[in-house]
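Take a look at the structure set out below.
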Amino acid sequence: MSEALSVFAVAAAAPAQEALVVDGRCIAFAALARRGGRAPHALAVAGAGPAAPVALSPRLDLATVTWIHAALALGAPLLLQHPRGSAEE
């Protein structure tokens with residue numbers, strides 16, 4: 001991931017800068033970086049990595065942003081499935 005696009009780079013330079021607004025709550029880059037710092041480890045422990053994709057059924061929430069960032073940080077392929085999709089579709 002490009003350093004210029006890294007949540008961690010922005011968090012180091014401007015930790016209080018607003019990164020997201022979720023459910024009316026402002027999330028600063030420092031808080032997003034803390035969440036994002038733990039998530040890649042959790043994915044790696046679960047077996048995700050460059051050769052093992054991460055599948056998500058994304059929603060517009062902080063958890064989805066965290067897991068997408070974690071997958072990208074690991075270099076894992078990311079498969080986004082429509083939230084209303086099913087195994088039959």
Side-chain angles (χ1 to χ4, degrees):
M1 180 183 306
S2 167
E3 185 65 26
L5 299 177
S6 168
V7 167
F8 302 106
V10 177
Q17 183 175 333
E18 185 178 290
L20 299 168
V21 176
V22 179
D23 296 327
R25 198 174 103 215
C26 295
I27 308 296
F29 272 95
L32 189 58
R34 278 191 302 276
R35 290 179 64 91
R38 294 185 299 263
H41 175 73
L43 287 178
V45 167
V54 172
L56 287 174
S57 183
R59 292 168 288 169
L60 296 175
D61 62 11
L62 182 56
T64 298
V65 172
T66 300
W67 291 115
I68 289 172
H69 178 73
L72 294 174
L74 277 178
L78 187 58
L79 172 64
L80 300 177
Q81 179 180 342
H82 192 282
R84 288 178 284 195
S86 68
E88 292 80 36
E89 292 183 63

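Count residues from 1 along the sequence. Quick note: numbers below take in every heavy atom, side chains included, and nothing from hydrogens, waters or symmetry partners.
Each of V65 and L79 belongs to its own hydrophobic cluster when Ile, Leu, Val, Met, Phe, Trp and Tyr are linked at side-chain heavy-atom distances under 4.5 angstrom.
The minimum heavy-atom distance linking A28 with P15 is given by the pair CB-O, 3.4 Å. Looking at every heavy atom in both residues, A44 comes nearest to L74 through N-CD1, 3.8 Å. Across every non-hydrogen atom of P50 and P77, the tightest pair is O-CD, 3.4 Å.
Residues satisfying the side chain to side chain contact (heavy atoms under 4.5 Å, CB included) criterion with L78, sequence neighbours excluded, are V54, L56, I68, A71, L80.
The line from CG of L20 to CZ of F29 is 7.5 Å long, rounded to the nearest 0.5 Å. Between the CZ atom in F8 and the CG atom in L32 there is a gap of 8.0 Å [rounded to 0.5 Å].
For residues 8-32, the set of pairs meeting the side chain to side chain donor-acceptor pair (under 3.5 Å) definition, not counting sequence neighbours, is empty. Counting only residues at least two apart or on different chains, the side chain to side chain donor-acceptor pair (under 3.5 Å) pairs with a member in residues 29-45 are R35-T66.
Between I27 and V21 the shortest side-chain heavy-atom distance does not fall below 4.5 Å.
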